[in-house]
Amino acid sequence: MAAATTAIQRFPQHRYVDAVRWLPLQSAFDRFAVLALFDFDSDASSIEIHALNQNPFSLEPHSSWSSPSRVSSLKPSHFLQKPLIVASTSSGSLHFLFSNSSDASLLSEVSLPEGALHSLPASCVDLMDGGVECVTVGEDGKVNLVGIGDSNLNYRRLFDSAGLVSYTAVRWASPMEFATGGFGFGLQWWDQRKPGGPVSQFKGNWDKKLTSGIVHSIDIHPSRKHTCLAGGSLGTVFAWDLRWQQQPIILSGAGAANTAVQSISESEVWEVQYDCCIKSNTSSTRILPSMICSEDGILGVIEQGEEPIELLAEPCAINSFDIDRHNPSDVICSLEWEAVAILTRQ
C-alpha cells in the first residue's frame, strides 16, 4: 500500500467541532459539509451546513440550526430526493433536519424529545441509505427503530437490556440487519425478522487487557456484509467475520501486541470507515483497507498485512472524519481544537 500525496487545508471554526460529515452530493458543482459545533463560552450548540468553494478554496457558513444541547451523533442521508440530517444530543433528544435539494438550505425539523427513546443520552444513531429508517442505541441498553414520514416520526423499541448491556455504536448492514457495539469490545448482529435480541454475538475476550475496552465506531462494507469493522479503546481496530464468529482479525492496537501487526495509534479510535480510495489487491479473504481517526491526533489508513499510512498527526484529537463517497480522494475531519481540515489525496 503506497503512500499518497496529500494536500491539506485547515479552516478555523472558533468553536469546538463535535462532528463533521459530507452532505450527500447535490450536483457536480456544489459541495457542502455538515458540522456539529459547540461554543464553550455561551454553552450553545448548533448544526451548520457549510459550502465548499473552489475559487478561492474556502469553507463558508451556509445555513444553521440551534440544537437544544450538544450533538452526540450525526448522520446525513437522502429522503424523498432531499438531503436529510439526523442528530442525537447529549440530553437524549433526536432530531431530523430536512434541507433543500437545490441549495442545501435547511427547510424543516421534526424531533423526538428527551426521554422518548433513551433514559440516558443516545450514544449513536445510524440512518439507512434512503433515509427511510433510523436506528438508535444507548448506554441504557435500549435499541430503537425510528420511521420517517413526510412530517412525522414513528418509533418502536426493538430491545431493552434493562441496563445489563450498553451500546455505544451502531451501523446498518441491510434494510433488515444492523450491528451494534459496546463495552468489553463486544459486537452484536441484529435481524428485524428475528425479534427478541441479537441473532449473533461476539465477545471481545481474546485479550484480558481488552475486557474494559469500548467500541466507538463500526463500519460494514456493502459488498462484504458478513464482516464488521470496529474501532475503539487502546488504538484497537479489528474485524469480526460472521463466518468465523469468535476469532477476531486484529488490524491495529493493544490486541496486536503478540502479532506482526503494526499499530497506528495507542489511544481511543473514535471512528473507522472503509477507504474505497485505496486500490487494494487483496483477495476476498482479507479485510479491505480502512481509515481511522484517534484521540492522539492520528488520521491514517490501515490495511491487513501492510504498513499503516499516517495522513495527519495533529497536537489535538481528531474526533471524527468522513470520506466523500462520490469523491473518495477527499476527506474532511474535525480537529478538536476548533478547526476543520480537508484532505485531497492525489
Side-chain angles (χ1 to χ4, degrees), residues 1 3 123-124 139 166-171 179-189 201-221 224 226-242 244-275 278 280 282 285-323 331 333-336:
M1 183 170 61
S123 295
C124 190
E139 293 186 14
S166 292
Y167 304 109
T168 55
V170 64
R171 179 72 68 188
T180 58
F183 291 88
F185 283 117
L187 293 174
Q188 302 82 29
W189 188 267
Q201 299 190 57
F202 169 76
K203 296 181 179 179
N205 55 5
W206 71 89
D207 190 318
K208 293 181 179 179
K209 294 184 296 183
L210 305 181
T211 55
S212 60
I214 303 173
V215 171
H216 296 304
S217 178
I218 300 171
D219 199 14
I220 299 172
H221 197 279
R224 300 190 183 184
H226 57 270
T227 303
C228 296
L229 180 71
S233 303
L234 302 172
T236 301
V237 181
F238 68 97
W240 174 40
D241 192 321
L242 290 167
W244 296 282
Q245 295 192 10
Q246 298 308 316
Q247 185 60 45
I249 302 167
I250 308 299
L251 301 173
S252 182
N258 297 321
T259 72
V261 174
Q262 297 186 45
S263 296
I264 194 171
S265 171
E266 296 181 354
S267 66
E268 303 297 306
V269 171
W270 292 121
E271 189 146 22
V272 293
Q273 288 185 27
Y274 282 110
D275 187 3
I278 301 296
S280 174
T282 58
T285 61
R286 297 182 66 183
I287 306 303
L288 294 171
S290 58
M291 187 176 291
I292 69 103
C293 69
S294 67
E295 178 67 23
D296 54 3
I298 300 299
L299 180 74
V301 177
I302 56 178
E303 183 177 354
Q304 187 179 7
E306 303 285 345
E307 290 189 15
I309 297 174
E310 192 176 276
L311 300 176
L312 269 182
E314 295 292 312
C316 62
I318 300 177
N319 51 9
S320 73
F321 74 91
D322 197 23
I323 301 171
V331 181
C333 65
S334 54
L335 311 182
E336 183 181 46

Colleague: Let me have the donor-acceptor pairs involving side chains of residues 180-188, under 3.5 Å, with sequence neighbours excluded, atom names and distances please.
Modeller:
unit_1	atom_1	unit_2	atom_2	d
Thr180	OG1	Gln188	OE1	2.6
Thr180	OG1	Trp190	NE1	2.8

Colleague: From Ile214 CD1 over to Leu234 CG, what is the distance, rounded to the nearest 0.5 angstrom?
Modeller: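 Nearest 0.5 Å value for the CD1-CG distance: 10.0 Å.
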Colleague: Would you say Ser265's side chain and Ser294's backbone share a donor-acceptor pair under 3.5 angstrom?
Modeller: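 Here the side-chain-to-backbone pair does not exist.
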Colleague: Can you check side-chain contact (heavy atoms from CB on, under 4.5 Å) on Thr227 and Tyr274, steps first, answer last?
Modeller: CA-CA 11 Å; Thr227 303; Tyr274 282 110; 3.9 Å; yes
Colleague: How far apart are the C-alpha atoms of Thr168 and His216, what are their side-chain angles, what is the distance that settles it, and do they pass the side-chain contact (heavy atoms from CB on, under 4.5 Å) test?
Modeller: CA-CA 6 Å; Thr168 55; His216 296 304; 5.6 Å; no
Colleague: Give the minimum heavy-atom separation between Gly305 and Arg286, together with the two atoms involved.
Modeller: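 In terms of heavy atoms, the two residues are closest at CA-NH2, 3.5 Å.
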Colleague: At their closest point, which heavy atom of Gly253 faces which heavy atom of Ser263, and how far apart are they?
Modeller: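 For Gly253 versus Ser263, the nearest heavy atoms are N-OG, 2.8 Å.
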Colleague: Relative to the ring of Phe238, is the ring of Phe202 parallel (under 30°), tilted (30 to 60°) or perpendicular (over 60°)?
Modeller: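 Rings of Phe202 and Phe238: tilted, as their planes differ by 30° to 60°.
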Colleague: Between SG of Cys228 and NE2 of His221, what distance do you get to the nearest 0.5 Å?
Modeller: 13.5 Å
Colleague: For the atom pair CD1 (Ile309) and CD (Glu303), what is the distance rounded to the nearest 0.5 Å?
Modeller: 8.0 Å
Colleague: So how far is it from Ile292 CD1 to Ile302 CD1, rounded to the nearest 0.5 Å?
Modeller: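 Output value for this atom pair is 6.5 Å.
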Colleague: Quick one: does any side-chain atom of Glu268 pair with a main-chain N or O of Glu295 as donor and acceptor, under 3.5 Å?
Modeller: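 The answer is no, because no donor-acceptor pair under 3.5 Å joins these two groups.
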Colleague: Judged by atom type as modelled, is there a donor-acceptor pair below 3.5 Å linking the side chain of Ser252 to the main-chain atoms of Ile264?
Modeller: yes
Colleague: Does Ser217 use its side chain to pair, donor to acceptor, with the backbone of Glu271 at less than 3.5 Å?
Modeller: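 Side chain of Ser217 to backbone of Glu271, a donor-acceptor pair under 3.5 Å: no, none is there.
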Colleague: So does Glu266 have more than 12 non-hydrogen atoms from other groups sitting under 6.0 Å from CD?
Modeller: no
Colleague: Does any N or O in the side chain of Arg171 come within less than 3.5 Å of the main-chain N or O of Ile220, such that one atom is a donor and the other an acceptor?
Modeller: no
Colleague: For the atom pair CE (Met291) and CD1 (Ile298), what is the distance rounded to the nearest 0.5 Å?
Modeller: 13.0 Å
Colleague: Mind checking what makes ring-ring contact (aromatic ring centres under 6.0 Å, His included) contact with Trp189, not counting sequence neighbours?
Modeller: none
Colleague: Do Leu229 and Val237 have side-chain heavy atoms sitting under 4.5 Å apart?
Modeller: yes
Colleague: Rounded to the nearest 0.5 Å, how far apart are CG of Asp219 and OG of Ser290?
Modeller: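 Reported to 0.5 Å precision, the distance equals 8.5 Å.
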